[in-house]
Protein chains: 2
Amino acid sequence: MSTRALRKEEEENLLRRADDLCRQNNLRLTPIRERVYRELVQSGGPVGAYDLVDRLSSDKKRLAPVTIYRALDFLRDAGLVHRLATQNSYVVSHGQPDVNAMKIMFVDSKTGETIEVHSTEVAEAVRKAAEQAGFKSVSPFMEVEGELSR
Amino acid sequence: MSTRALRKEEEENLLRRADDLCRQNNLRLTPIRERVYRELVQSGGPVGAYDLVDRLSSDKKRLAPVTIYRALDFLRDAGLVHRLATQNSYVVSHGQPDVNAMKIMFVDSKTGETIEVHSTEVAEAVRKAAEQAGFKSVSPFMEVEGELSR
DNA sequence: GCCGCTAAGTAATAACATTACGTAAAACGA
DNA sequence: TCGTTTTACGTAATGTTATTACTTAGCGGC
Ligand SMILES: [Zn+2]
Ligand SMILES: [Zn+2]
Ligand SMILES: [Zn+2]
Ligand SMILES: [Zn+2]
């Protein structure tokens, strides 16, 4: 099976999982929301909001920024998408939400490429540090910039 | 001694350390740069760039945004100030740069208040996770949102 | 059919950040 | 010391990201 086919299959998996998640939580994955999510899935990496505006607009129909931001807000609230604050961009969240793990988005400083890793070790270490800082709870998401090996 | 006096003393310490650091590295802590740094120190928390524009402008003399951004860039390059990407704001970096520690900025989701903690444990755990992700090096700074205890 | 609710359309604006170019002073080498 | 180079800052315009306010449309219960 080709890489392309694998990739396609992975895309379908993500879309299906999103559908399921929304159904189970009584959330409405409307056409616009699904198109935004699909675009993020297909891009395979972070995409800016205004890029999404362009990509999802046709000659006939130009979407407004606020439409995209609303869809992104929905997808983020659902846990399907992360915002990368350092990049002003948005990226699909992979992996099933493991409550005990820290979801770390490593962002390549050069290319903007991201890789998501879940780590209970980091979660535990951060939890301890948070306690020191007087924080009772912390977000399970973080973003770390770095350099990719190759 | 009053809390206010302690605070004032701490401010003076930071300013002095900044002066020293710049002298030792042949960096020029010009009046504008020092005013920006001082304002951040005195505020005791994160401040937005346009807030700094307002606070450092007088009726006579209005500073341009780019002036502030240039000063911030200098201070960040010098390691004196961090940018909080999730908040679009800037905050003084405390503590002497410990190369082996991760500098974690905990940001209170409600108030925006920040507390900086240095942790070698987190640094080590993140380093391991980075290796998994195929990253050879990572930034020693991270930002984590959470909720302050009180 | 009306009501209440949610999503999306539309327009304007706010908030954040950078580019481009000119001037002046500081630093540096001869 | 003089001319050259570099750095900092002023000024103006522009670019980029995100939100507010209000309206319209669709859907479901009653
Ligand atoms: Zn679907
Ligand atoms: Zn939301
Ligand atoms: Zn000084
Ligand atoms: Zn810089």
Side-chain angles (χ1 to χ4, degrees), chain A residues 18-19 22-23 25-40 46-78 80-91 107 112 143, chain B residues 18-19 22-40 43 46-78 80-91 107 109 112 143 145:
Chain A
D19 262 8
C22 289
R23 238 185 291 281
N25 294 90
N26 270 318
L27 303 172
R28 294 200 274 171
L29 191 58
T30 63
I32 287 185
R33 291 165 177 174
E34 189 169 351
R35 283 173 66 204
V36 170
Y37 184 66
R38 184 185 300 279
E39 189 60 40
L40 287 171
V47 183
Y50 278 74
D51 266 8
L52 289 168
V53 169
D54 291 339
R55 295 188 197 181
L56 298 181
S57 290
S58 66
D59 296 332
K60 314 226 165 200
K61 180 92 190 144
R62 174 122 195 123
L63 294 180
V66 70
T67 301
I68 298 298
Y69 280 105
R70 287 196 279 232
L72 287 171
D73 184 56
F74 170 87
L75 294 168
R76 292 169 66 193
D77 286 352
L80 293 166
V81 163
H82 298 320
R83 171 170 138 83
L84 295 183
T86 62
Q87 311 286 112
N88 289 329
S89 65
Y90 303 84
V91 65
V107 184
E143 197 179 333
Chain B
D19 262 8
C22 289
R23 237 185 291 282
Q24 283 162 23
N25 293 92
N26 268 318
L27 303 173
R28 294 199 272 167
L29 191 58
T30 63
I32 288 184
R33 290 166 178 173
E34 189 168 352
R35 283 173 65 202
V36 170
Y37 185 65
R38 183 185 303 277
E39 189 61 41
L40 287 171
S43 85
V47 184
Y50 276 73
D51 266 10
L52 289 169
V53 170
D54 292 340
R55 296 188 196 182
L56 298 182
S57 290
S58 65
D59 296 333
K60 313 226 164 197
K61 180 94 190 143
R62 173 121 193 125
L63 293 181
V66 70
T67 300
I68 299 298
Y69 280 106
R70 286 196 280 231
L72 288 171
D73 184 58
F74 169 86
L75 294 167
R76 292 169 66 193
D77 287 352
L80 293 166
V81 163
H82 298 320
R83 172 172 139 81
L84 295 184
T86 60
Q87 310 286 110
N88 289 329
S89 64
Y90 303 83
V91 64
V107 183
S109 301
E143 199 178 333
E145 288 184 89

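Note that this is a predicted model, so its numbers are computed, not measured. Excluded from the calculations below are hydrogen atoms, water molecules and symmetry mates; all remaining heavy atoms, backbone and side chain alike, are included. Letters go in sequence order (proteins before strands), and every chain restarts at 1.
Map B:R70 and B:N88 each onto its nearest nucleotide of DNA chain D; the residue landing nearer the 5' end is B:R70. In terms of position on DNA chain C, the residue among B:S89 and A:R33 whose nearest nucleotide sits closer to the 5' end is A:R33.
Between A:Y69 and D:dT16 there is no side-chain polar atom (N or O) within less than 4.0 angstrom of OP1 or OP2.
The closest side-chain heavy-atom distance from B:L29 to B:R23 is not below 4.5 Å. Contact of the B:R33 side chain with the B:C22 side chain is not registered, since no non-hydrogen atoms from C-beta on lie closer than 4.5 Å.
Whole-Å rounding puts the B:R83 CZ to D:dT17 C1' distance at 11 Å. Remark: P of C:dA7 and CD of A:E34 are 15 Å apart, rounded to the nearest angstrom. Distance B:D77 CG to D:dA8 P: 11 Å, rounded to the nearest Å. Going from atom CG of A:L52 over to atom C1' of D:dA18 covers 14 Å, rounded to whole Å. Between the CG atom of A:L72 and the C1' atom of C:dA8 there is a distance of 15 Å, given to the nearest Å. Here C:dC16 presents its P atom at 18 Å from CG of B:D73, a figure rounded to the nearest Å. As a whole-Å value, the separation of B:I32 CD1 from D:dT11 P is 10 Å. A straight line from CG of B:D51 to P of C:dA17 spans 12 Å, rounded to a whole angstrom.
Considering CD of B:E39 and CG of B:D54, their distance stands at 10.5 Å, rounded to 0.5 Å. For the atom pair CG of A:L72 and OG1 of A:T67, the computed distance is 11.0 Å after rounding to the nearest 0.5 Å. Taking OG1 from A:T86 and CG from B:L84, the interatomic distance works out to 12.5 Å, rounded to the nearest 0.5 Å.
When each of B:L63, B:L80, B:L75 is checked for a side-chain contact (heavy atoms from CB on, under 4.5 Å) with B:V36, only B:L75 meets the rule.
We find that the ring of B:Y50 and the base of C:dC16 stack, their centres lying under 5.5 angstrom apart and their planes tilted less than 30°.
The stretch residues 54-68 of chain B touches DNA chain C through B:V66, each having a heavy atom under 4.0 angstrom from the strand.
Scanning both residues, B:E143 and B:A85, for their nearest heavy atoms gives OE1-N, 3.0 Å.
At a threshold of 4.0 angstrom between heavy atoms, the contacts of B:F74 with the nucleic acid are absent.
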